[in-house]
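Notes follow the structure.
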Amino acid sequence: RWEEERYPEGIKWKFLEHKGPVFAPPYEPLPENVKFYYDGKVMKLSTKAEEVATFFAKMLDHEYTTKEIFRKNFFKDWRKEMTSEEKSTITNLSKCDFTHMSQYFKAQSEARKQMSKEEKQKIKEENERLLKEYGYCVMDNHKERIANFKIEPPGLFRGRGNHPKMGMLKRRIMPEDIIINCSKDSKVPSPPPGHKWKEVRHDNKVTWLVSWTENIQSSIKYIMLNPSSRIKGEKDWQKYETARRLKKCVDKIRNQYREDWKSKEMKVRQRAVALYFIDKLALRAGNEKEEGETADTVGCCSLRVEHIKLHPELDGQEYVVEFDFLGKDSIRYYNKVPVEKRV
DNA sequence: GTTGACGCGCACAC
DNA sequence: GCGTCAAC
């Protein structure tokens with residue numbers, strides 16, 4: 001049907017109406033009998049400092065709370081949430097004892113498992129109510145399922161692999177952070193009482209309903225539609241169309257890069273070798289990354305000398321390239337590949 | 001050079 | 001959460 005009623009170039013929809021996001025539940029302070037200890041002594045934390053402390057307490061069993069970078073980043077961000085009094089007392093993370101808090105959360109999760117049928121049913125019904133109210137939108141005469149209408153609660157950033165920002169505080173997203181996208185002729189969702197949206201825009205050249213900027217990488221997060229939606233299905237179909245078009249010209253591309261290996265220009269030869277490896281090994285392209293902002297991972301075009309060994313001969317094979325690098329998600333790629341001499 | 005808008009897949013809790 | 005790619 002997307003072939004029947006296609007939009008002009010770049011237009012994604014004509015009408016869009018939705019109820020906005022569901023925010024993370026507010027922080028509930030710990031019961032008085034759950035204690036935090038500093039340097040062996042009980043210490044009552046302010047609500048803000050306590051909330052961030054609970055994030056750490058919930059992760060206590062994970063290995064990364066022992067990692068230097070994680071602890072350093074966490075402590076720095078935690079201190080920002082403290083009162084000046086707390087700040088002057090709590091100066092060493094190693095003197096902080098979260099074990100009682102941790103035990104409390106374990107007991108809570110046990111209690112949740114032991115909930116009665118009625119209590120579980122109540123939660124289920126509440127979830128269904130939220131889904132019914134916020135889980136759908138109307139896009140061009142169709143009611144569509146939204147993929148992620150709940151905004152993630154605050155917590156500690158982990159990241160994959162050896163991430164320089166692990167342990168940093170992912171702050172709570174507020175209505176004031178939120179950009180609402182909908183059509184001019186739709187009913188604009190209302191922010192929670194006493195709050196305002198950052199912005200309401202009407203951009204039908206994009207598919208998202210809600211966006212905000214996350215504080216770790218300053219990257220934009222979106223609320224978008226479910227794969228069952230027209231907009232996602234159409235895009236998915238186009239992707240396979242691209243693959244089918246590639247099938248028609250892949251032989252030509254392969255011949256071309258083999259020709260380019262012989263070029264006088266080094267740039268052209270390099271590009272041709274990169275393309276060859278992407279083709280042969282299905283490597284990712286490998287964009288440049290900002291050092292210190294992300295884990296040190298690479299793809300084909302960002303490989304460095306230390307990731308490659310060239311063997312004129314190895315295990316009875318000639319011209320072997322040995323790859324050893326951390327790729328996407330810091331997953332190790334290790335491979336020994338015999339190639340043509342010219343490569 | 002930077003950033004906005006996506007698609008993908010793993011880990012984890014339920 | 002992490003990558004790509006095109007638009008800015």
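A, B, ... follow the sequence lines: proteins, then strands. Residue 1 opens every chain. Bear in mind the structure is a predicted one, so any value in this text is a computation, not a measurement.
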Taking only residues two or more places apart in sequence or in another chain, which ones pass salt bridge (Lys or Arg N to Asp or Glu O under 4.0 Å) with A:R171?
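Applying salt bridge (Lys or Arg N to Asp or Glu O under 4.0 Å) to A:R171 gives A:D177.
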Assign [X] to base, sugar-phosphate, or nothing according to its heavy-atom contacts below 4.0 angstrom with the strands shown.
X	result
A:K165	nothing
A:F157	sugar-phosphate
A:K205	nothing
A:N287	base
A:G286	sugar-phosphate
A:K113	nothing
A:R160	base
A:T297	sugar-phosphate
A:T207	sugar-phosphate

Residue whose nearest DNA chain B nucleotide is more 5′ - A:D203 or A:R112
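Nearer the 5' end of the strand: A:D203.
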Let me know, please, whether A:R201 or A:Y240 comes out on the 5' side of the other along DNA chain B by nearest nucleotide.
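Checking each residue's closest nucleotide, the 5'-ward one belongs to A:R201.
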Which heavy atom of [X] sits nearest a heavy atom of [Y], and at what distance?
X	Y	value
A:E86	A:A49	OE1-CB, 3.4 Å
A:Y27	A:R172	N-NH2, 3.5 Å
A:S330	A:A295	OG-CB, 3.8 Å

Figure out the [atom1]/[atom2] separation between [X] and [N], and round it to whole Å.
X	N	atom1	atom2	result
A:Q238	C:dT4	CD	C1'	17 Å
A:K221	C:dC2	NZ	C1'	9 Å
A:N215	C:dG1	CG	P	10 Å

Within the structure, does a side-chain N or O atom of A:K170 lie under 4.0 Å from either OP1 or OP2 of C:dG1?
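So the side chain of A:K170 is within the cut-off, an N or O lying under 4.0 Å from OP1 or OP2 of C:dG1.
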Taking any atom under 4.0 angstrom from a heavy atom of chain A, which nucleotides of DNA chain B are the first and last to qualify, 5' to 3'?
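On DNA chain B, the outermost contacted nucleotides are B:dG4 to B:dC14.
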Suppose we call two aromatic rings close when their centres sit under 6.0 Å apart. Are A:W78 and A:F98 close by that rule?
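Aromatic pair counts; centres sit under 6.0 Å.
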Cation-aromatic face contact A:K143/A:Y136, 6.0 Å, 45 degrees
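A:K143 over A:Y136 ring: yes.
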Could you check whether the rings of A:H163 and A:F157 sit parallel, tilted or perpendicular, using 30° and 60° as the cut-offs?
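A:H163 and A:F157: perpendicular rings.
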